[in-house]
Amino acid sequence: MQVIDKKLGDVKDRSLADQGRAKIEWAATFMPVLAQIKDRFGKEKPLAGVRIGACLHVTTETANLVLALQAGGAEIELCASNPLSTQDDVAAALSEHFDIPTHAIKGEDNATYYKHIESVVATKPHMTMDDGCDLVTTIYTKHNHLLAEMIGGCEETTTGVIRLHAMQKEGVLPFPVIAVNDALTKHMFDNRYGTGQSTIDGIVRATNVLFAGHTVVVAGYGWCGRGVASRVKGLGASVIVTEIDPLKALEAAMDGFLVMPIAEAAKVGDIFITVTGNYHVIDGEHFEAMKDGAIVCNSGHFNDELNLDALNAITVSKDQPRPFVDAHKLQSGKTVRVLAEGRLINLSAAEGHPPSVMDMSFANQAMAAAYLAQNYKTLEKQVYPVPKHIDEEVASLKLAAMKIDIDTPTPEQVKYMSSWSEGT
Ligand SMILES: NC(=O)c1ccc[n+]([C@@H]2O[C@H](COP(=O)([O-])OP(=O)(O)OC[C@H]3O[C@@H](n4cnc5c(N)ncnc54)[C@H](O)[C@@H]3O)[C@@H](O)[C@H]2O)c1
């Protein structure tokens with residue numbers, strides 16, 4: 001097995017390591033489910049001898065995940081899954097204090113971002129752990145020779161799962177992958193409540209804007225969009241939803257939101273938030289139609305939800321009045337403010353999701369990794385859901401940690417629910 005120099009990795013400033021460790025330990029106090037899994041992993045070592053290449057947002061919560069995997073016997077090397085989402089102190093702590101070589105610097109350019117992915121690929125991982133599928137696509141397109149020794153991967157987010165399904169459809173998915181995003185204990189809570197709260201946190205930290213009295217346009221009414229829209233409404237904003245799916249649009253309308261096409265919404269919104277996972281959802285003509293001073297950001301996986309090239313083409317000058325705010329002065333004389341270069345606002349300008357929700361997401365990741373290590377020989381090159389028993393266990397452990405009891409069906413109820421003979 002290759003020997004990895006544990007001090008290797010590429011982080012911004014190793015002197016931040018103590019600060020990072022304190023933050024990791026703080027987050028751990030809100031992650032009781034992952035803590036139990038870490039304890040179990042420490043005894044059972046389900047990942048002994050498995051090299052994991054992880055391409056995840058380098059945050060305090062991710063740190064606790066990789067420490068649980070390490071306790072389970074895995075060797076892990078970590079890089080960022082977004083150029084702006086890294087917490088530099090956490091990256092330093094992982095490299096310096098926890099023997100996790102980490103390659104991630106907040107604000108790294110695209111070339112450095114991919115250089116860091118290559119550093120992880122160079123460790124010849126047996127398993128990938130991705131947030132957005134960049135690691136799998138890099139290995140598939142450039143390092144095919146590694147596939148023979150690989151057993152599979154896990155994927156954290158909606159956009160990554162969409163890309164993996166596209167690979168499977170084209171017959172190029174290189175190994176089995178578990179769609180962690182699709183676990184109910186992941187997307188029902190992380191995407192909805194996590195993105196809902198942390199997106200607002202990112203906007204407020206970047207701008208200090210008051211939501212009350214403003215019109216907020218939420219593009220996309222999926223799991224994330226529902227969370228964002230409901231929380232923005234709770235802060236007193238008027239909320240407009242844009243959608244392409246008639247069912248989601250209808251749901252938004254019945255939840256009490258105004259629904260209209262983006263071309264209409266562009267004219268009346270004060271703050272725009274995209275969470276679609278789609279491309280150029282806000283395009284040049286929409287930027288052009290916006291009110292003077294409009295604020296635009298994205299909380300979907302890739303920054304191409306905003307057509308920034310089209311915006312730049314109609315921009316005469318640009319300045320940065322605050323960190324994470326680019327004020328574009330347009331040919332029309334109006335100003336449009338784009339936050340965090342269109343990258344995930346919650347992870348760029350704030351700290352991402354709170355740890356208590358990532359507790360469930362990463363409990364799924366950890367258990368999915370162990371499941372993969374134990375079962376990969378029987379799995380095909382397909383995208384698999386997280387096994388139901390894992391999802392149910394995560395929910396039960398979280399309820400127990402929250403000291404919430406629920407009822408158990410009586411034998412009579414079990415019989416009733418499984419029979420067809422009782423009628424009117
Ligand atoms: N910021 C975060 O921390 C975070 C967390 C989880 C997921 N995500 C990302 O957020 C994105 C959305 O995830 P989700 O789980 O809500 O997905 P989802 O599939 O549940 O919802 C996406 C919604 O966007 C709609 N949509 C697509 N194109 C559109 C368009 N042009 N205009 C308006 N609506 C459109 C779809 O119809 C769908 O209802 C993905 O990119 C995902 O990876 C980000």
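No experiment lies behind these values; they were computed from the predicted model shown. If you read the sequence from its start, that first residue is 1, and numbering goes on from there. Ligands are counted one by one from 1 in listed order, and the atoms in each one are counted from 1 as well.
Atoms of ligand 1 found under 4.0 Å from any heavy atom of Gly277 (numbered from 1 in listed order, with element): 11 (C), 40 (C), 41 (O). Below 4.0 Å from some heavy atom of Thr242 lie the following atoms of ligand 1, by number and element: 33 (C), 34 (N). Using a 4.0 Å cut-off to heavy atoms of Asn191, the atoms of ligand 1 that qualify are 6 (C), 7 (C), 15 (O). Interface of Asp245 with ligand 1, defined as ligand atoms under 4.0 Å from a residue heavy atom, comprises 37 (O).
Counting heavy atoms of neighbouring residues, nucleotides and ligands inside a 6.0 Å radius, atom CD of Gln168 exceeds 12 of them. Annotation: Lys12, atom NZ; neighbour count of heavy atoms from other residues, nucleotides and ligands within 6.0 Å does not exceed 12. Heavy atoms from other residues, nucleotides or ligands lying under 6.0 Å from CD1 of Ile406 number 12 at most. No more than 12 heavy atoms of other residues, nucleotides or ligands sit less than 6.0 Å from atom CD of Glu149.
Here His301 has heavy atoms under 4.0 Å from ligand 1 in both its backbone and its side chain. Contact annotation for Thr159 and ligand 1: heavy atoms of both the backbone and the side chain come within less than 4.0 Å of the ligand.
Atom 20 (O) of ligand 1 has Trp223 N, 3.1 Å as its closest protein atom, hydrogens excluded (heavy atom only). Atom 21 (O) of ligand 1 has its closest protein heavy atom at Gly222 CA, 3.1 Å. The single protein non-hydrogen atom nearest to atom 5 (C) of ligand 1 is Thr195 OG1, 3.3 Å, given as residue, atom name and distance. Looking only at heavy atoms of the protein, atom 12 (C) of ligand 1 is closest to Val275 O, 3.5 Å. In terms of protein heavy-atom proximity, atom 19 (O) of ligand 1 is nearest to Thr158 CG2, 4.0 Å. Here the protein heavy atom with the shortest distance to atom 10 (O) of ligand 1 is Gly300 CA, 3.5 Å. Summary of contacts: the protein heavy atom closest to atom 43 (O) of ligand 1 is Thr157 OG1, 2.7 Å. Looking only at heavy atoms of the protein, atom 35 (C) of ligand 1 is closest to Thr276 CG2, 3.5 Å.
Using a distance-only test at 3.5 Å, with no hydrogens or angles considered, a donor-acceptor pair links the side chain of Arg192 to the main chain of Met188.
Using bins of under 30°, 30° to 60° and over 60° for the plane-to-plane angle, the ring pair His57/His301 lands in the tilted bin. The aromatic rings of Trp26 and Phe30 sit perpendicular to each other, their planes meeting at more than 60°, with 30° as the lower class boundary.
A salt bridge does not link Asp255 with Arg226: every distance from a Lys NZ or Arg NE/NH1/NH2 to an Asp or Glu carboxylate oxygen is 4.0 Å or more. Here Lys186 does not pair with Asp182 in a salt bridge; the nearest charged N to carboxylate O distance is not below 4.0 Å. Between Asp319 and Lys329 there is no salt bridge, since none of the side-chain N atoms of the basic residue sits less than 4.0 Å from a carboxylate O of the acidic one. In this structure, Lys388 does not pair ionically with Asp391, as no charged nitrogen and carboxylate oxygen lie closer than 4.0 Å.
At under 3.5 Å, a nitrogen or oxygen of Ser299, whether backbone or side chain, sits near a nitrogen or oxygen of ligand 1. For Cys224, a nitrogen or oxygen atom sits less than 3.5 Å from a nitrogen or oxygen atom of ligand 1, counting backbone and side chain alike. When only interatomic distances are considered, the shortest N/O to N/O separation between Asn346 and ligand 1 falls below 3.5 Å. At under 3.5 Å, a nitrogen or oxygen of Asn278, whether backbone or side chain, sits near a nitrogen or oxygen of ligand 1.
Residue contact check for ligand 1: Gly352 places no non-hydrogen atom closer than 4.0 Å to it. Arg226 does not count as a contact of ligand 1, since none of its heavy atoms falls under 4.0 Å from the ligand.
Ranked by closest heavy atom to atom 29 (C) of ligand 1, the top entry among Ile244, Leu344, Ile345 is Ile244. If you check each of Met358, Glu243, His187, Glu156 against atom 37 (O) of ligand 1, the one with the closest non-hydrogen atom is Glu243.
Of the options Asp304, Thr274, Asn303, Thr199, a side chain to side chain donor-acceptor pair (under 3.5 Å) to Asn298 is made by Thr274 and by none of the others.
Checking Gln365 against Glu156 by side-chain atom types alone, a donor-acceptor pair falls below 3.5 Å.
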